[in-house]
Amino acid sequence: MTLSRTEWLTLAIARLIRDGDRVSIGTNLPAARAGAMLAKLTHAPHSTLFLGMAEVRTLPSPTPDFLSLSGGAAEATGHQTLERFFDHAQDVDFFVVGGMQIDPWGNTNLLGIGPAELPVAERFAARTVFGPGPIGTVTMTAHARRYVLFAADHQPRTFVPELAFRTTVGWGDGGSHRERLGLPGGGPVACVTELGVFDYPWPDRRMRLRAPFQGVTFGQIAERTGFSVERPAKLQEYPLPTARELQVLREVVDPRGRLRDR
């Protein structure tokens, strides 16, 4: 069975969502948005989706395009204000956040990259690469009951041993650091990339490969990660989609095949 790398990402994100979850997805994560819809249409029908500013409790029929669901197709379900969005951050069960840099403990950088030899304060002004900024991700990653890191491009420039700036705190410096900081949320439970699914097991909370996608080897993952990745004692490929998952993904969520082109 041949899936595009983006379809694998979508499938993995969908499977991490539980029935009844309040799921929050931003506006520029196509695979995450499609994954939330796939989950709701298969194993998590009672989930509530917050796609951008749109609150979606029921999906209309025919199902709207996953890229435009935050627009008119969801207006009947309701929109939320930014104030309400952040007031209810602690009620979010599942959040997805990307990062232009991700370190071994699931901390991310969305600010940019500056000369590493400069102090952080000077590095900010001297940035040579600019990111979108953390916007609401600081609040969401601090409060969400669990969240997932997302990287469509798994390369050493993304997975780095040390961030230029730490804009969201995953597991901090590892171990119980997050708890010592007093952050109320549950922290990152997984990292999903084009190569596979990773987690952050106790006690070190360091990134570990859980399962590579079909055809991906551990050697490829090690070569494309800027730090050493923990390997499980028994390495198994990520499970293929069921017939139902594939049918809903390709015929209902993504009938135009946008995810197959990525």
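Since we're looking at a predicted model, the values are computed, not measured. Side chains are part of it too, since the values below use all heavy atoms of this structure and drop only hydrogens, waters and symmetry mates.
Evaluation of the side-chain hydrogen bond (donor to acceptor under 3.5 Å, both in side chains) test over residues 35-46, restricted to residues two or more places apart or in two chains, returns D19-H46.
Residues V197 and C191 fail the side-chain proximity criterion, which asks for heavy atoms closer than 4.5 Å. Put simply, the side chain of V192 reaches to within 4.5 Å of the side chain of L16, judged on heavy atoms. Here the side chains of F213 and L195 are not in contact, with every heavy-atom distance at 4.5 Å or above. I25 is not listed as a side-chain neighbour of L49, based on a closest heavy-atom distance of 4.5 Å or more. In this structure the side chain of T193 reaches within 4.5 angstrom of the side chain of F159, judged on heavy atoms.
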(request) Walk me through it: do T217 and I221 pass the test side chain to side chain contact (heavy atoms under 4.5 Å, CB included)? (result) CA-CA 7 Å; T217 67; I221 290 170; over 6 Å; no
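Without hydrogens or angle criteria, S4 side chain to L259 main chain gives a donor-acceptor distance under 3.5 Å.
R224 and T158 are not linked by any side-chain donor-acceptor pair at a separation below 3.5 angstrom, with hydrogens and angles left out of the test. For T168 and T137, the side-chain atoms include no donor-acceptor pair closer than 3.5 Å.
The residues R5 and E194 are annotated as salt-bridged, a charged nitrogen and a carboxylate oxygen being separated by less than 4.0 angstrom. Contact check on R157 versus D153 returns a salt bridge, with a Lys/Arg side-chain nitrogen under 4.0 Å from an Asp/Glu carboxylate oxygen. Using a 4.0 Å cut-off between charged nitrogen and carboxylate oxygen, D173 and R178 do not count as a salt-bridge pair. A salt bridge links D93 with R145: the distance from a Lys NZ or Arg NE/NH1/NH2 to an Asp or Glu carboxylate oxygen falls below 4.0 Å.
For the atom pair CD of E162 and CZ of F227, the computed distance is 12.5 Å after rounding to the nearest 0.5 Å.
Applying the side-chain hydrogen bond (donor to acceptor under 3.5 Å, both in side chains) criterion to Q247, with sequence neighbours excluded, gives R244, E251.
By the 30° and 60° cut-offs, the orientation of the rings of F198 relative to H154 is tilted.
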